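On a predicted model such as this, the values are computed, not experimentally measured, just so you know. Numbering of ligands and ligand atoms starts at 1, following listing order.
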Amino acid sequence: MEAINASIGFDRKLYAQDIRGSLAHAEMLAKTGIISTDDQKKIAHGLNTILSEIEAGTFTFSTRLEDIHMNVEARLAELIGPAAGRLHTARSRNDQVALDFRLWVKEELQRVDNALGGLLEAFVARAEEHAASVMPGFTHLQSAQPVTFGHHLMAYVEMFGRDRSRVRDAIERLDESPIGAAALAGTGFPIDRHMTAKALGFREPTRNSIDTVSDRDFALEFLSVSAICAIHLSRLAEEIVIWSTPQFGFVRLSDSFSTGSSIMPQKKNPDAAELIRAKTGRINGDLIALLTVMKGLPLAYSKDMQEDKEAVFDAAETLDLMLAAMTGMIGDLEVNRDAMKKAAGAGFSTATDLADWLVREAGLPFREAHHATGRAVALAEEKKCGLEKLPLEELQAINPSITEGVYSVLSVANSVRSRTSYGGTAPSEVRRQIRAWKKRLKRD
Ligand code: ARG
């Protein structure tokens with residue numbers, strides 16, 4: 001029973017939140033006259049002693065005492081005697097654990113918010129540097145149209161920006177204090193839940209005591225926000241793995257974020273990127289684990305809910321690490337502009353520009369222009385040359401309205417420069433988005 005029941009092995013992580021919650025609860029009990037100020041002072045002194053003992057590593061945790069709440073309370077009794085028994089007036093471990101865990105998740109969400117801020121800044125800085133560096137844009141991982149590396153990086157800025165706003169939404173929603181819901185029904189003691197909510201930095205107290213001790217959405221939301229963010233990180237990680245192969249050669253990882261092979265001296269392996277890609281699996285697993293624990297649980301508290309913590313702790317530790325590694329890796333990634341530019345011109349990537357030119361300058365319907373371009377690509381393929389190397393007469397044989405002017409759109413730099421639509425890849429447009437993001441990051 002002790003082995004299956006005890007959670008102290010992992011919920012000791014909540015010690016600071018548990019003590020903070022108890023300090024606020026005891027103060028409220030004294031202010032409302034439910035306990036004496038004398039007892040409250042003893043309790044506060046005892047709790048602060050316990051905090052230092054835990055932080056100094058001298059506190060003995062016991063599995064016999066099940067969880068962090070009972071470990072702290074038992075030690076409090078040793079330290080201050082019978083006054084310790086008054087602390088648990090008008091509360092239950094059910095609202096206590098809901099409080100501790102909410103406080104912890106809120107702090108973690110704030111850490112993720114900060115880390116995302118750092119990541120976004122690193123991305124925007126690299127994007128600015130490469131606002132005009134041409135690279136191939138892909139669909140189906142086949143060269144599609146030339147884009148700029150800055151534009152590609154800014155795509156991730158949008159994703160991580162949405163992750164950050166999801167983090168903030170989650171904080172908004174969880175910002176309610178559970179303490180005082182007691183076991184599930186509230187209490188007859190004249191407590192002041194607004195007072196404890198305020199003391200603990202919550203916007204307000206929760207409104208329904210049954211919901212309060214049953215709810216773990218805040219943990220599920222943390223996990224889902226983390227899973228989405230991890231998936232974004234994993235896509236970029238995968239791209240870094242591909243880009244850093246000698247075959248692509250778009251980027252070179254610094255020695256700090258890669259490893260050599262123990263047998264093949266030429267190798268530089270993208271381990272950090274691979275681990276970011278892989279660790280996404282843990283976070284997805286953590287989300288599914290808690291969703292499955294919560295599914296079909298009748299109201300209100302059931303011990304099943306003790307299984308909420310390890311998933312959240314694991315996801316938090318993993319995500320923090322992934323964000324730190326990605327921020328470092330992006331910051332010192334060496335970019336090979338020439339290799340990117342060369343690849344950008346391969347695969348007839350300006351074919352769409354030719355088709356657009358035929359529509360714009362020769363008045364062809366797009367479908368017809370698409371067909372004529374297809375013939376030009378086939379010809380270039382046959383001659384093993386780029387579209388821009390096809391002689392004018394041969395292009396005119398495909399469509400007589402083609403003139404010398406067409407060559408101006410067949411280069412990758414011109415192709416990119418022409419995509420000036422809002423959100424498009426033109427360096428001028430990318431720089432505009434970068435300026436807007438810089439302002440936004442400063443504000444946030
Ligand atoms: N360790 C428990 C948990 O994490 C605390 C709440 C226990 N409540 C109870 N009625 N047994 O959920």
message: Can you tell whether the side chains of Glu53 and Arg75 come within less than 4.0 Å, N to carboxylate O?
response: yes

Using a cut-off of under 3.5 Å, which N/O atoms of ligand 1 pair up with protein N/O atoms, and what distance separates each pair?
unit_1, atom_1, unit_2, atom_2, d
ligand 1, 1 (N), Ser7, OG, 3.4
ligand 1, 1 (N), Asp67, OD2, 2.9
ligand 1, 1 (N), Gln306, OE1, 2.7
ligand 1, 4 (O), Lys309, NZ, 2.6
ligand 1, 8 (N), Asn94, OD1, 2.9
ligand 1, 10 (N), Asn94, OD1, 3.0
ligand 1, 12 (O), Tyr301, OH, 2.4

The ring-ring contact (aromatic ring centres under 6.0 Å, His included) partners of Phe61 (sequence neighbours excluded) come to Phe59

Does a side-chain heavy-atom distance below 4.5 Å link Leu87 with His25? yes

Does His88 have more than 12 heavy atoms from other residues, nucleotides or ligands lying within 6.0 Å of its NE2?
yes

Checklist entry - With under 30° as parallel and over 60° as perpendicular, where do the rings of Tyr156 and Phe123 fit, or are they tilted in between? => result tilted

Using 30° and 60° as the class limits, which term best fits the ring planes of Phe218 and Phe101: parallel, tilted or perpendicular? perpendicular

